[in-house]
Amino acid sequence: MAEFQVAIDGPAGSGKSTISKLIADKLKMTHIDTGAMYRAVTLIAIEKNIDLNDEKAYEFLESIYISYEHDRILVNDRDVTEEIRSKEVTNNVSLVSSFPYVRRKMVDLQKKAAENGRVIMDGRDIGTVVLPNANLKIFLTAKVEERAKRRQLEKIKKGHNVEFEKLVEEIQIRDQKDSTRKESPLKKADDAIEIDTTNLDINQVVEKIIGLINSAK
Ligand code: C5P
């Protein structure tokens with residue numbers, strides 16, 4: 001396969017990153033988790049103690065370098081892969097990612113990362129904005145209770161105990177903010193194939209998408 005781009009979009013907890021990573025490993029493609037980039041910006045903004053509501057304050061992005069290597073996210077040379085999953089980052093990332101300036105910077109990086117390669121990129125606006133000409137576009141969904149259940153299991157595996165109702169609420173708030181923002185909101189591209197994963201396990205979704213990739217080649 002020469003150059004090939006797969007765009008995977010969907011709401012919080014729909015399994016985009018886990019599924020994209022598994023497909024990338026199986027098909028020897030590069031996986032780029034764009035949510036991790038917005039999370040990295042949020043982490044640094046919090047650490048710098050800027051006013052998160054002030055779009056101008058994000059100009060610090062001119063002097064930092066965000067990169068993505070084998071599913072580790074780096075800011076300059078610092079590995080922030082674990083830190084970007086904190087509650088504080090999760091609760092602020094939808095605000096940070098709503099600013100046109102921040103999005104422009106990230107979209108530029110994402111477009112460059114996808115050039116000349118075999119890439120599977122996941123996020124909210126990949127099929128609509130970042131890779132509008134992707135060879136295959138997928139929109140993953142699942143009922144909010146199912147998504148919260150998956151998040152809860154992930155947290156339990158890592159030794160954290162979180163209330164199910166709190167997770168449902170957190171996911172609903174993030175989805176609401178992500179799909180109603182002015183700049184490139186979460187939205188299914190007209191030519192994306194929607195897959196409801198509520199009653200599917202990870203392997204079933206992976207196999208389904210690999211089948212679609214093979215027919216799109
Ligand atoms: O995918 P994940 O849940 O880690 O994304 C974190 C947040 O980053 C989303 O809730 C959304 O606010 C933002 N995001 C975005 N555009 C993308 C990917 C993520 O706005 N392409």
Side-chain angles (χ1 to χ4, degrees), residues 5-24 31-46 52-53 55 58 61 66 68 71-73 75 80-114 119-132 134 137-142 144 146-148 150-152 154-155 158 162 167-189 192 197 205:
Q5 296 175 338
V6 180
I8 310 235
D9 290 301
S14 54
K16 301 179 301 291
S17 297
T18 311
I19 285 159
S20 302
K21 183 175 161 24
L22 288 169
I23 296 171
H31 168 221
I32 300 167
D33 171 355
T34 62
M37 293 182 174
Y38 289 98
R39 285 173 179 273
V41 174
T42 307
L43 174 74
I44 304 302
I46 292 169
L52 295 183
N53 288 292
E55 184 168 11
Y58 293 91
L61 286 176
I66 296 178
Y68 204 74
D71 282 306
R72 309 299 298 176
I73 180 110
V75 176
V80 295
T81 313
E82 315 302 330
E83 283 162 276
I84 59 167
R85 303 286 154 195
S86 74
K87 198 170 163 46
E88 198 181 4
V89 169
T90 302
N91 289 341
N92 285 292
V93 64
S94 292
L95 167 66
V96 173
S97 70
S98 69
F99 294 112
Y101 172 78
V102 173
R103 299 206 70 82
R104 233 177 4 253
K105 290 300 248 188
M106 294 304 110
V107 169
D108 281 353
L109 274 179
Q110 291 155 11
K111 281 182 189 275
K112 281 205 187 87
V119 168
I120 177 157
M121 192 178 277
D122 76 87
R124 303 291 188 288
D125 60 341
I126 311 306
T128 50
V129 175
V130 183
L131 304 176
K137 297 180 187 178
I138 303 288
F139 195 79
L140 284 186
T141 59
V144 68
E146 175 61 25
R147 291 187 275 133
R150 293 175 191 166
R151 271 285 144 86
Q152 194 181 32
E154 263 172 35
K155 302 258 178 201
K158 288 184 183 166
V162 263
L167 280 177
V168 171
E169 193 189 34
E170 192 183 286
I171 288 176
Q172 279 172 330
I173 292 174
R174 206 139 60 88
D175 284 352
Q176 160 76 8
K177 285 187 184 158
D178 290 344
S179 48
T180 55
R181 68 176 175 229
K182 273 211 194 101
E183 185 88 3
S184 36
L186 164 68
K187 187 169 155 265
K188 175 183 168 297
T197 70
V205 183

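FYI, side chains are in, hydrogens and waters are out, and symmetry mates aren't considered; it's all heavy atoms of this structure. All ligand and atom numbering here is 1-based and tracks the order in the structure.
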(request) Would you check if the side chain of K16 reaches a backbone N or O of G10 as a donor-acceptor pair within less than 3.5 Å? (result) yes

(request) Could you tell me whether D178 and R181 have a side-chain N and a carboxylate O separated by less than 4.0 Å? (result) yes

(message) Could you check whether E183 pairs with R104 (Lys NZ or Arg NE/NH1/NH2 to Asp/Glu carboxylate O, under 4.0 Å)?
(response) no

(message) One thing to verify: whether R147 and D175 come together as a salt bridge, which I'm taking to mean a side-chain N less than 4.0 angstrom from a carboxylate O.
(response) yes

(message) Measuring from non-hydrogen atoms of R181 to any atom of ligand 1, is the shortest distance under 4.0 Å?
(response) yes

(request) Going by heavy-atom distance to atom 11 (C) of ligand 1, choose the closest among T90, D178, D125. (result) D178

(request) Check whether any side-chain heavy atom of V130 lies under 4.5 Å from a side-chain heavy atom of T34, and answer yes or no. (result) no

(message) Students should be able to answer this: which protein heavy-atom is nearest to atom 19 (C) of ligand 1, and at what distance?
(response) G35 CA, 3.5 Å

(message) I'd like to check L186 versus F139 (side-chain heavy atoms, cut-off strictly below 4.5 Å). Are they in contact?
(response) yes

(request) Name the orientation class of the two ring planes belonging to Y68 and H31 (parallel below 30°, tilted from 30 to 60°, perpendicular beyond 60°). (result) perpendicular

(request) Below 4.0 angstrom from a heavy atom of R39, which ligand 1 atoms are there? Numbered from 1 as shown, please. (result) 2 (P), 3 (O), 4 (O), 6 (C)

(message) Can you tell me which portion of K177 lies within the under-4.0 Å heavy-atom range of ligand 1? Options are side chain, backbone, both, or neither.
(response) neither

(message) Side chain or backbone, does R151 bring an N or O within less than 3.5 Å of an N or O on ligand 1?
(response) no

(request) With heavy atoms under 4.0 Å as the rule, classify the contact between M121 and ligand 1 as side chain, backbone, both or neither. (result) neither

(request) Would you mind running through ligand 1 and noting each atom that sits below 4.0 Å from a heavy atom of T34? (result) 17 (C), 18 (C), 21 (N)

(request) Could you tell me which atoms of ligand 1, counted from 1 in the order shown, lie closer than 4.0 angstrom to a heavy atom of Y38? (result) 8 (O), 14 (N), 15 (C), 16 (N), 17 (C), 18 (C), 19 (C), 21 (N)

(request) Write down the atom of A114, the atom of V119, and the distance for their closest heavy-atom approach. (result) CA-CG2, 3.9 Å

(request) Before signing off on this row, confirm whether S97 and ligand 1 have an N or O atom pair separated by under 3.5 Å. (result) yes

(request) Heavy-atom distances under 4.0 Å are what count here, so tell me which part of S94 touches ligand 1: side chain, backbone, both or neither. (result) both

(request) Would you check if K21 and D33 make a side-chain contact, meaning some heavy-atom pair closer than 4.5 Å? (result) no

(message) Under a 4.0 angstrom heavy-atom cut-off, which atoms of ligand 1 come close to R85?
(response) 4 (O)

(request) Determine, for E146 against R150, whether the closest basic-nitrogen to carboxylate-oxygen distance falls under 4.0 angstrom. (result) yes

(message) Using a 3.5 Å cut-off on N or O atoms only, is R174 in polar contact with ligand 1?
(response) yes

(request) Using a strict cut-off of 4.0 Å, indicate which atoms of ligand 1 neighbour a heavy atom of R103. (result) 15 (C), 16 (N), 17 (C), 20 (O)

(request) Select one of side chain, backbone, both or neither to describe which atoms of R124 lie under 4.0 Å from any atom of ligand 1, heavy atoms only. (result) both

